[in-house]
Amino acid sequence: MAKTRSKFICQSCGAQSPKWQGKCPECGEWNSFQEEVEQKLDNRRGWNITGSDSDRRPLEAHRLSEDFVSDKSHNVRFSTNILELDRTLGGGIVPGSFILLGGDPGIGKSTLLLQMCAGLSSQKLKVLYVSGEESVQQTMMRAHRLKAHGDNIFIGSESNIDSIFQLAQKVQPNVMIVDSIQSVYMSEIPSAPGTVSQVRECSNKLLGLAKTNGISIFLIGHVTKEGNIAGPKVLEHMVDTVLSFEGDVHHHFRILRALKNRFGTTNELGVFQMVAQGLKEVSNPSEMFLEERSSNLQGSAVLASIEGSRAILCEVQALTNSSPLPMPRRTAIGFDVQRAHLILAVLDKHLNLDLAHRDVFVNIVGGLKIQEPAVDLAVACAIFSSYLNQEIPSDLCLFGEIGLTGEIRGVIAAEQRLKEAYKLGFKRFIVPYSNKKHLQDLDKNILSQVSWIKNIKELKNILFNKTKRIDQKESELSF
């Protein structure tokens with residue numbers, strides 16, 4: 001009998017070692033190595049081996065100009081009947097796509113996909129929901145609570161990959177959901193479910209099922225304490241789309257992001273609200289993020305941000321306070337703290353503010369995470385307002401990037417930002433001067449309320465002098 005051999009695999013990055021190590025030399029994670037028994041698997045590994053007839057399928061390569069590429073049957077998408085989910089997916093579900101949905105426990109991943117099942121069933125599409133963590137009765141109880149009914153929804157409770165394949169062959173669904181990929185195992189691999197080997201091989205087989213049978217498969221993935229999807233990184237490279245469901249379980253707002261999408265734009269955003277009946281779409285996120293905002297607050301500015309393909313207005317709050325510490329605190333939520341250090345340095349240098357002895361806290365309200373540079377001007381205004389104890393007008397909206405020399409740089413989609421803000425009732429705007437030449441065709445009612453800013457030194461006069469334009473000469477310029 002052959003001697004059993006084992007190896008140690010990092011459950012964080014997939015690195016292998018012949019012996020146990022306390023710290024992974026590849027990713028630096030501690031206590032992540034787990035022993036797995038080496039097993040010789042079928043040499044025919046790969047997603048093209050999914051059936052008994054696949055070995056006899058002839059190999060062929062197609063020209064890019066062939067007619068089937070433009071055939072509508074190959075480009076159709078399924079609508080989920082959830083507009084925010086369709087937006088995040090790039091317009092709907094592509095047949096045969098392989099999608100990974102990750103998020104914190106209790107955030108609403110299963111709830112979202114069960115509601116999606118109801119929307120697909122109403123279009124006469126077959127959906128198979130396979131849960132490896134709940135019984136059929138438990139899944140049905142949750143579906144009835146959410147009123148996710150439909151004659152075309154099939155529920156299964158299996159964790160063995162072969163049993164899941166048998167269910168798929170029996171039901172022949174258009175869409176299949178596996179909850180979760182960390183609970184699925186392959187009997188040929190001796191390691192426990194959720195390990196790197198199990199996740200990699202099971203995902204590989206499900207990928208083959210999706211691509212060869214045209215079944216769109218959704219995988220629900222667990223996340224680590226750092227917020228990354230658990231399992232090998234190759235899982236994220238393998239799938240077509242990676243969705244991240246974010247939010248605080250103690251608040252009712254949920255944000256769905258597309259981190260990767262082969263069939264649409266990345267960084268697209270969908271907004272939901274958790275209610276007793278499940279997840280409710282938020283058709284106007286800007287209004288939601290600003291609904292609890294009071295008027296004329298110190299340290300509160302409204303930013304017009306671009307998330308994916310649409311403009312979203314959100315509130316930026318800042319608080320400055322004298323610090324008893326030798327090294328004052330710098331805290332940012334929803335905003336890069338290193339970017340906050342840069343803005344504080346610019347304010348200190350060009351506006352002569354004494355921020356070196358003050359604690360500074362910055363928060364993007366509503367759980368949003370803004371990474372685009374257009375947020376710089378809003379953060380600077382909020383900090384400046386809190387420092388001077390002066391209120392920012394409640395009907396003011398602004399955006400712009402700040403350079404190290406104090407210049408205010410233009411941003412993309414300025415017209416779209418201004419139109420969204422004007423639609424929500426904002427009457428005053430602070431916009432980078434370099435965007436002026438791109439806004440010549442904008443509504444004159446909006447342009448008449450715009451204050452153009454070139455340098456951070458002009459901020460105080462523009463911000464607290466009833467937001468008048470830079471000077472009379474500039475206001476008289478014709479477009």
Side-chain angles (χ1 to χ4, degrees), residues 75-104 107-117 119-120 175-181 203 206-207 210 216-224 226-231 233-247 253-274 279-286 288-289 305-312 314 334 336 364 366-372 374-375 412-413 416:
N75 298 323
V76 68
R77 291 176 183 257
F78 303 142
S79 174
T80 64
N81 276 3
I82 303 176
L83 297 180
E84 292 296 302
L85 179 57
D86 285 344
R87 176 195 296 273
T88 310
L89 291 172
I93 303 175
V94 176
S97 57
F98 202 42
I99 301 167
L100 175 64
L101 173 63
D104 294 329
I107 204 69
K109 302 183 296 296
S110 302
T111 299
L112 175 64
L113 294 186
L114 275 174
Q115 292 182 215
M116 182 191 73
C117 291
L120 294 172
V175 178
M176 185 170 75
I177 300 167
V178 179
D179 184 7
S180 65
I181 186 59
S203 300
L206 290 170
L207 175 63
S216 300
I217 298 181
F218 283 78
L219 303 180
I220 294 180
H222 296 167
V223 296
T224 62
E226 291 82 12
N228 301 319
I229 296 177
K233 198 68 177 178
V234 70
L235 176 61
E236 298 181 36
H237 295 287
M238 190 183 301
V239 299
D240 298 316
T241 304
V242 178
L243 303 179
S244 176
F245 210 26
E246 304 170 357
F253 296 138
R254 302 289 187 269
I255 297 174
L256 182 67
R257 297 179 184 273
L259 305 181
K260 169 189 176 183
N261 194 351
R262 290 173 179 163
F263 308 114
T265 60
T266 57
N267 294 321
E268 193 60 87
L269 185 110
V271 183
F272 297 87
Q273 185 176 5
M274 181 64 78
L279 289 166
K280 178 183 177 182
E281 294 181 77
V282 178
S283 57
N284 192 345
S286 299
M288 179 198 71
F289 290 130
S305 175
I306 293 292
E307 292 289 340
S309 59
R310 64 181 174 184
I312 295 180
C314 58
D336 184 10
I364 308 295
L368 278 175
K369 295 180 180 178
I370 307 296
Q371 298 183 3
E372 66 162 341
V375 71
I412 61 172
Q416 186 179 356

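This one's a predicted model, so the numbers in the text were calculated from it and none came from an experiment. When reading the values below, keep in mind they use all heavy atoms of this one structure, side chains included, and skip hydrogens, waters and symmetry mates.
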Which atoms form the tightest heavy-atom contact between V282 and F272, and what is the distance? CG2-C, 3.9 Å
Nearest atoms (heavy-atom pairs only) where C314 meets L368: CB-CD1, 3.7 Å
Without swapping roles, check the side chain of K109 against the backbone of D104 for a donor-acceptor pair under 3.5 Å. yes
Supply the atom-to-atom distance N284 CG to F289 CZ, rounded to the nearest 0.5 angstrom. 10.5 Å
I'd like to check L85 versus Q115 (side-chain heavy atoms, cut-off strictly below 4.5 Å). Are they in contact? no
Using 0.5 Å steps for rounding, measure from the NZ atom of K369 to the CD atom of E246. 4.5 Å
Less than 4.5 Å apart, any side-chain heavy atom of L112 and any of L256? yes
Closest contact, heavy atoms only, S216 versus F78: OG-CE1, 4.4 Å
Distance col, row L269:CG vs I312:CD1, nearest 0.5 angstrom, shows 4.5 Å
CD of Q416: more than 12 outside heavy atoms within 6.0 angstrom? yes
Strictly distance-based, threshold 3.5 Å: is any side-chain N or O of K260 a donor or acceptor partner for the main-chain N or O of E236? yes
Under a 4.5 Å cut-off applied to non-hydrogen side-chain atoms, are F245 and L279 in contact? yes
Of all heavy-atom pairs between L235 and S203, which one has the smallest distance, and what is that distance? CD1-OG, 3.2 Å
Side-chain contact, heavy-atom cut-off 4.5 Å: S110 with I220? yes
Is the shortest heavy-atom distance from the side chain of R254 to the side chain of I107 under 4.5 Å? yes
S79: what forms a side-chain hydrogen bond (donor to acceptor under 3.5 Å, both in side chains) with it, not counting sequence neighbours? D86
Could you report the tightest heavy-atom contact between V175 and M116, atom names first, then the distance? CG1-CE, 4.3 Å
Quick one, P285 and R310 - any side-chain contact, counting heavy atoms below 4.5 Å? yes
For L243 and T241, the nearest pair of non-hydrogen atoms, with its separation, is CD2-CG2, 3.7 Å
Give a yes or no answer on whether the side chain of E372 reaches the backbone of I306 with a donor-acceptor pair at less than 3.5 Å. yes
Which pairs of donor and acceptor atoms, one on a side chain in residues 87-101, lie under 3.5 Å apart (sequence neighbours left out)?
unit_1 : atom_1 : unit_2 : atom_2 : d
T88    : OG1    : E84    : O      : 2.8
S97    : OG     : V94    : O      : 2.7

Would you say the side chain of E281 lies within less than 4.5 Å of the side chain of I82, judging by non-hydrogen atoms? yes
